[in-house]
Amino acid sequence: DSSSVDTLNNAEISRYGRQLIMPEIGMQGQKKIKKSSVLIIGAGGLGSPVSLYLAGAGIGRIGILDFDTVEASNLHRQVIHKESSVGIPKAISAGRAIREFNSLVKVEEHVTAFTTDNALGLVSRYDIIVDATDNVATRYLINDACVLSNKPLVSAAALRMDGQVTVYHHNGGPCYRCLYPSPPPAETVTDCSNGGVLGVVPGIVGCIQALEVIKIAAGTGESMSQKLLLFDGMSPRYTMVKLRPRNKECAVCGDSPSVTGLIDYKSFCGSSYDDKPCTRSIL
Amino acid sequence: DSSSVDTLNNAEISRYGRQLIMPEIGMQGQKKIKKSSVLIIGAGGLGSPVSLYLAGAGIGRIGILDFDTVEASNLHRQVIHKESSVGIPKAISAGRAIREFNSLVKVEEHVTAFTTDNALGLVSRYDIIVDATDNVATRYLINDACVLSNKPLVSAAALRMDGQVTVYHHNGGPCYRCLYPSPPPAETVTDCSNGGVLGVVPGIVGCIQALEVIKIAAGTGESMSQKLLLFDGMSPRYTMVKLRPRNKECAVCGDSPSVTGLIDYKSFCGSSYDDKPCTRSIL
Amino acid sequence: MRLSIEFSGGLELLFGKKKQHSVEVDKKEIVLRDLLQWIKENLLKERPELFLSQQTVRPGILVLINDCDWELMGGLDYKVEDKDELVFISTLHGG
Amino acid sequence: MRLSIEFSGGLELLFGKKKQHSVEVDKKEIVLRDLLQWIKENLLKERPELFLSQQTVRPGILVLINDCDWELMGGLDYKVEDKDELVFISTLHGG
Ligand SMILES: [Zn+2]
Ligand SMILES: [Zn+2]
């Protein structure tokens with residue numbers, strides 16, 4: 001029965017055979033992957049490889065959220081889109097690519113911004129959340145929504161030749177606010193539009209992010225909870241850093257949280273979370 | 001003039017703008033990328049991300065070589081193909097995807113095996129060679145063809161949850177034979193069909209491979225010559241290892257080479273290089 | 001004592017675009033709180049407010065001591081040791 | 001002496017599927033050539049010919065000593081030191 005989420009049909013067994021035969025995944029792991037749902041917030045440089053590889057792995061239901069439309073200047077890094085998608089919403093373009101690539105996976109396109117109004121409703125509908133966005137305020141919003149909904153958050157970022165990956169609020173580990181209780185000054189924040197990025201850097205980092213999602217979904221391996229991967233493409237260097245544990249005083253995941261619902265992240269960060277950061281930014 | 005390889009036209013400047021503004025690339029680096037040609041040998045788990053990200057970066061001419069046709073059981077890791085490409089030669093399917101993604105890039109599809117008969121002719125037509133194959137004999141053949149033609153070789157491999165990346169015969173560094181003078185016993189060789197592989201592992205490793213190609217093409221950063229990246233997806237762990245220098249006694253790149261032309265790699269390795277390795281293999 | 005100090009994630013732009021600094025600090029012992037001032041006086045080239053704020057690193061900078069989050073090592077009170085590797089990294093937000 | 005010995009790239013299948021081995025070798029000093037025999041006698045579980053061949057590791061295995069290719073460290077003649085980290089890795093070929 002191809003509609004059952006608890007079993008694998010013949011098409012699935014044949015399609016995922018190369019994963020199934022690995023002791024690290026096996027039939028049980030593949031069933032768990034099929035039963036999992038993942039919300040990918042951002043269909044850009046990180047969201048592109050995450051979407052492709054999660055679809056390839058057979059994640060049962062994939063939500064892809066982005067408000068922007070595809071631009072030609074995105075394509076150097078956003079490899080899930082095509083030239084013919086320029087002008088189309090990124091979520092629609094990515095959804096189409098996923099369907100053409102793996103029709104066994106259920107895709108849900110969300111052509112919307114991720115806001116305090118829809119965050120909790122969206123996050124509650126998925127098992128694992130992927131932060132593939134590009135600005136600070138949305139990163140706090142996603143973090144708080146995940147902590148309040150008790151969902152693991154697989155987070156990554158890339159700029160120029162550098163990348164970072166970690167897993168928040170998973171296995172008792174820290175959340176984004178445990179590491180960064182206060183937002184950075186707005187003038188220190190740079191995004192890919194202003195700072196530039198080599199396209200394959202979010203590619204590397206996004207693939208690593210997808211691997212973390214698959215391990216959590218399949219219940220295999222060690223996750224990057226309380227670990228941070230720093231990637232420097234120029235050297236090239238990969239450093240795995242040990243992070244602090246969950247902070248009992250954390251405003252949102254602490255023992256007596258002061259943040260018990262979503263707040264105004266725009267004023268918290270002193271910047272709009274759907275605007276591009278200011279052009280005089282340098283870091 | 002859009003046909004000139006020495007300048008960037010407006011479409012290119014706008015498309016690659018996010019790379020151009022990085023001091024590590026700049027206008028000069030992007031021009032070098034445009035002037036470069038890369039032969040990707042293998043359009044599978046490694047070749048998929050390599051092709052996409054090299055096309056995205058604006059490599060001027062990309063050759064993609066593969067003799068196989070797309071199978072549904074490849075799709076979990078070979079993200080450049082689509083379900084509608086099942087049964088089509090992988091080189092054609094990948095070429096089509098590259099054209100739809102970046103029409104500014106010249107694509108050359110080679111639907112052929114890589115053999116002693118065509119190796120030197122093919123390698124001589126490109127600046128940088130990518131080993132994205134899956135068997136030992138072809139790896140020796142590619143290495144020897146690169147050394148004899150004096151081309152840098154960006155090599156990667158993946159199996160189960162593990163990956164390896166390095167750069168051979170570049171900046172005076174070692175070649176594949178410097179590291180592995182003798183081929184491994186055939187019964188220790190496993191490929192992805194028999195050992196299995198999690199799809200995103202060649203994704204990670206292939207993206208890292210693409211980054212090395214782009215750095216060589218743009219003349220920026222440090223390459224992985226005489227370095228080997230070991231990746232263990234379960235831990236997860238990234239180890240950068242310092243390798244031996246070029247071996248002056250190396251049979252092909254040494255000071256008095258005994259291999260001065262391509263040999264019979266099938267009998268050298270004791271296995272066919274277009275056959276899948278034997279099923280009793282364990283390592 | 002001899003220290004390896006690295007700035008990355010964009011922070012190197014405040015330090016003459018130089019990431020790796022191998023420095024000799026002319027002290028027998030020093031806690032991280034005081035080393036921050038030493039860095040400000042000896043390595044920082046511009047806009048100190050983008051590196052320090054209220055006697056510590058400004059929000060959004062992670063400090064690593066020998067590949068460990070400084071919160072695990074005592075934070076500002078950590079007694080710096082000879083040959084320590086310190087990394088100051090600006091959090092990235094791009095995608 | 002106490003050593004950390006790791007087998008990977010599939011080689012762990014010959015060692016009871018265990019990658020990481022923390023071992024105590026009851027010797028004052030030992031060169032890598034002799035340690036290979038010690039490993040064969042004490043850790044190897046099956047098919048020694050897939051690990052050793054002609055007094056050294058079989059072709060296709062890379063030996064790393066503290067993240068360095070053993071060829072840089074003297075190869076079989078390397079004098080193993082207390083707390084050394086040795087890795088035996090089988091080259092991968094898949095894609
Ligand atoms: Zn927290
Ligand atoms: Zn050689």
Side-chain angles (χ1 to χ4, degrees), chain A residues 41-42 44-48 77-78 131-139 156-160 162-164 174 176 178-185 187-197 201-202 205-206 226 228 230 232 234-235 237 239-245 247 277 281-283, chain C residues 4-22 32 39-40 43-78 84-95:
Chain A
I41 307 177
L46 296 165
S48 288
R77 69 183 188 277
Q78 303 186 9
D131 186 342
T133 63
D134 63 358
N135 68 87
V136 187
T138 309
R139 289 185 181 270
L159 188 67
R160 285 181 285 257
D162 293 335
Q164 298 174 353
Y176 188 67
C178 292
L179 261 74
Y180 312 108
S182 311
E187 65 268 31
T188 64
V189 174
T190 314
D191 73 351
C192 296
S193 299
N194 290 311
V197 65
V201 172
V205 164
Q226 215 185 320
L228 171 66
L230 302 174
D232 167 1
M234 285 296 272
S235 307
R237 210 152 44 119
T239 313
M240 191 69 80
V241 167
K242 192 165 186 286
L243 293 179
R244 68 196 70 178
N247 176 7
S281 61
I282 63 131
L283 296 190
Chain C
S4 155
I5 302 181
E6 183 183 335
F7 303 97
S8 71
L11 216 49
E12 67 273 18
L13 298 180
L14 300 178
F15 295 85
K17 296 189 180 175
K18 198 175 157 202
K19 285 193 168 187
Q20 301 272 3
H21 300 250
S22 180
L32 200 39
I39 291 173
K40 182 182 169 185
L43 300 178
L44 190 69
K45 293 277 187 288
E46 51 184 302
R47 281 174 290 184
E49 75 280 8
L50 298 187
F51 179 56
L52 296 181
S53 143
Q54 299 180 337
Q55 319 304 325
T56 185
V57 295
R58 57 103 177 142
I61 293 179
L62 213 57
V63 184
L64 307 172
I65 302 166
N66 305 321
D67 289 347
C68 269
D69 187 343
W70 71 332
E71 285 284 317
L72 294 166
M73 313 289 282
L76 288 169
D77 296 322
Y78 173 75
D84 270 352
E85 296 181 1
L86 302 169
V87 179
F88 297 85
I89 189 157
S90 182
T91 331
L92 306 178
H93 312 285

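Each chain gets a letter, A, B and so on, in the order the sequences are listed, and its residues count up from 1.
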Closest approach of C:H93 and A:P184, non-hydrogen atoms and distance? NE2-CG, 4.0 Å

Rounded to the nearest 0.5 Å, what's the gap from CZ on C:R58 to OG1 on A:T188? Could you check? 3.5 Å

Would you mind checking which part of A:S182 comes under 4.5 Å of any heavy atom in chain C, side chain (CB onward), backbone (N, CA, C, O), both or neither? both

Nearest heavy-atom approach of C:Q20 to A:R237 is NE2-NH2, 3.6 Å

Report the distance from atom CD of C:E6 to atom CG of A:D232, rounding to the nearest 0.5 Å. 7.5 Å

I need the A:L179 CG to C:L62 CG distance, nearest 0.5 Å. 5.5 Å

Least distance between heavy atoms, C:P59 atom then A:P185 atom: O-CD, 3.7 Å

Kindly compute the distance separating CG (C:D67) from NZ (A:K242), expressed to the nearest 0.5 Å. 12.0 Å

Flag, side chain of C:E71 to backbone of A:R244, donor-acceptor distance under 3.5 Å: no

In this structure, OG1 of A:T239 is separated from CG of C:L64 (nearest 0.5 Å) by 8.5 Å

Turns out that what part of C:T91 lies under 4.5 Å from chain A's heavy atoms comes down to both

Over all atoms of both residues, closest heavy-atom pair of A:P245 and C:L72: CD-CD2, 3.7 Å

Answer yes or no: are there more than 12 heavy-atom neighbours, outside C:K40 itself, under 6.0 Å from its atom NZ? no

If you round to the nearest 0.5 Å, how far is CG of A:L243 from SG of C:C68? 9.0 Å

Atom CD of C:E49: over 12 foreign heavy atoms under 6.0 Å: yes

Is any side-chain heavy atom of A:E187 less than 4.5 Å from a side-chain heavy atom of C:L50? yes

Honestly, the part of A:D131 sitting under 4.5 Å from a heavy atom of chain C is neither

